[in-house]
2 protein chains.
Amino acid sequence: MKPTPTSSSIEDYVKVIYSFTEWQDKPITSTQLAARLGVANSSVSEMVRKLKDQDLVEHEPYSPIRLTRSGLRLALSMVRRHRLLETYLVRELGYTWDEVHEEAELLEHAVSETFIQRMADKLGNPTRDPHGDPIPDADGHITMPPSHRLDELDAGHRGRVSRISDHNPELLRYLDEHGIGVDTELEIVGRRPFGGTLEVLAAPAGSKDMDRAVRLDLGDEAAVSLWVVTDGSHPGCTVQELTGGSLMSPHTASP
Amino acid sequence: MKPTPTSSSIEDYVKVIYSFTEWQDKPITSTQLAARLGVANSSVSEMVRKLKDQDLVEHEPYSPIRLTRSGLRLALSMVRRHRLLETYLVRELGYTWDEVHEEAELLEHAVSETFIQRMADKLGNPTRDPHGDPIPDADGHITMPPSHRLDELDAGHRGRVSRISDHNPELLRYLDEHGIGVDTELEIVGRRPFGGTLEVLAAPAGSKDMDRAVRLDLGDEAAVSLWVVTDGSHPGCTVQELTGGSLMSPHTASP
DNA sequence: CCTATTATTTCGGTGTACCTAAATAAATTA
DNA sequence: TAATTTATTTAGGTACACCGAAATAATAGG
């Protein structure tokens, strides 16, 4: 419960802890956190102690890690930075959606609050980034679209792609080559679970041609996450993560 | 003479070493370097050893520090980053010239080469930044305008402001309030050296009104540096630093 | 030329964020 | 439930970039 000298590592920890609960509500464990940050478990233990000292997380030994109110505030401000930066890079500097993640990852720790605000103004305060993720506002309010898991959708289901995870550039390029992006209308034409892997076949709406359908091979553990709107009406409704985790009800986060 | 894992500290050291010799040619000493970086002398000694190991500087104990060819290359790339960022922030994000320095200082360590290039393209590969400083090209070539020291100019001399140091926001705001910026036409209406300080009175060209002239009180030690073109013809000719150091001949640096 | 002053380097330490290996707690399963 | 496996934390150590204080070299003054 001390002051708050924040560092770029701290920002990363908090952001990852937040992200883990963005689309499902189980809190993250040390090991998962270590894996996502690419550091050793022991580093996490140590750092979590520090985060707790600064009142950014709640944590009892051997139990999962949860953000406090002020941890959530910090996390949402990092998420806002990241997503605004991605939007800006795509709209103003001609980046493609598969390039932006890494660059934003570095920049989010370096830019000032002024920079963020000027950028947001110039972009017209967007509420979704190029991957379809919601952008928190300056006060840390974020509205998650209501959602269902893609792996619960039946063949024949149509909808718009609402969101595609920005973590796998290779997947993004693959989807791009097949004409799939945010807001693309899709239809689930088939599905085949096997060997712990869920395979979803999707094609531009209307096509029933299984051979020409995009084959999405979805391992567990966050390898891939594609999101699909379950009704074709408005963008930004009824989406849910493909990989791991249980179905959760729609929610809104704010500090 | 080892490989080259660069860090943001190393980048700062090298950039400051370069800057010191940009407008005069005496090499920097440990103490001066420490002062400009805001670190202790002992930190500089240590770091300079490391820079030498990486073949970025030449240095014999107790003598001044000079960049090697590869040190100069790195320095010019940092200067390019910094000046392009300043230009971009002013032109694209509505920063004023007195705000940009700090922001660029942070960003220059974080952005990728791709980012720099896209930014440069969008700006049309400018060769001067908002303060009038020359921007090195992608190959590390920079052309310094030929120059005379402002403190050698006589009263009555007219010219355009070619360059104003970006290190003192307060000065920049002061000048701005008095309508002085890069490319403003000025006339030296008087001068008064006293107590180790040089005072220059300048006014918009034509005005002979000493009272309404801008009074520039120029201490030594890099407190202020204003640059004035000594002839009104083209921008980018005959400029020189105001503070400390001896007159040097025009030169061009490149790695 | 020798001494006093100033510049520079060396030495012993600090905080941050990592790591591996060892110890301990929790969960699984036999 | 006891034993094994897995998760987590603790212990001991590293690299980086910094610091103040002490030692040493260079410079300036008498």
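So you know, we letter chains A, B, ... as the sequences are listed, proteins then strands, and number each from 1. What you see is a predicted model, and the numbers here were worked out from it, not measured in a lab.
Nearest nucleotide to the B:Ser45 side chain, out of C:dA17, D:dC18, C:dT8: C:dT8. Residue A:Thr29 has its side chain nearest to D:dT8 when only D:dT8, C:dT9, C:dC18 are considered.
Dashed line: the shortest gap from a side-chain N or O of A:Tyr62 to OP1 or OP2 of C:dA23 is not under 4.0 Å. In terms of phosphate contacts, A:His59 brings a side-chain nitrogen or oxygen within less than 4.0 Å of OP1 or OP2 of D:dT9. Phosphate contact (OP1/OP2 of C:dT6, side-chain N/O of B:Thr31, threshold under 4.0 Å): absent. Taking side-chain N and O atoms only, A:Ser30 has a distance below 4.0 Å to OP1 or OP2 of D:dT9. OP1 or OP2 of C:dA21 has not a single side-chain nitrogen or oxygen of A:Ser42 nearer than 4.0 Å.
Going from atom CZ of A:Arg49 over to atom P of C:dG15 covers 15 Å, rounded to whole Å. When the C1' atom of C:dA7 is taken as reference, atom CD of B:Gln32 falls 11 Å away, rounded to whole Å. Going from atom CG of A:Leu33 over to atom P of D:dA7 covers 15 Å, rounded to whole Å. For B:Asn41 and C:dT6, the CG to P distance is 14 Å, given to the nearest whole Å. For B:Ile28 and C:dA7, the CD1 to P distance is 14 Å, given to the nearest whole Å. As a whole-Å value, the separation of B:Glu60 CD from C:dA7 P is 21 Å. The interatomic distance linking A:His109 (NE2) with C:dA17 (C1') rounds to 14 Å, in whole Å. C:dT9 atom C1' lies 16 Å from atom CE of B:Met47, rounded to whole Å.
Among the heavy atoms of the strands lying under 4.0 Å from B:Ala40 are primed sugar atoms or P, OP1, OP2 only; no base atom is included. Within the 4.0 angstrom heavy-atom criterion, base atoms lie near B:Ser43.
Looking at A:Lys15 and A:Glu105, a side-chain N of the basic residue comes within less than 4.0 Å of a carboxylate O on the acidic one, giving a salt bridge. Taking the charged nitrogens against the carboxylate oxygens, A:Arg81 and A:Glu11 have no contact shorter than 4.0 Å, which rules out a salt bridge. Between A:Arg118 and B:Glu99 there is a salt bridge, with a side-chain nitrogen of the basic residue lying less than 4.0 Å from a carboxylate oxygen of the acidic one.
Residue pairs satisfying the ring-ring contact (aromatic ring centres under 6.0 Å, His included) criterion with at least one member in residues 55-93 of chain B, sequence neighbours excluded, are listed as follows: B:His82-B:His101.
Between the side chains of B:Ser112 and A:Glu103, at least one donor-acceptor pair of N or O atoms lies under 3.5 Å.
Taking for each of A:Lys50 and A:Pro61 the nucleotide of DNA chain C with the nearest heavy atom, the 5'-most of the two is the partner of A:Lys50.
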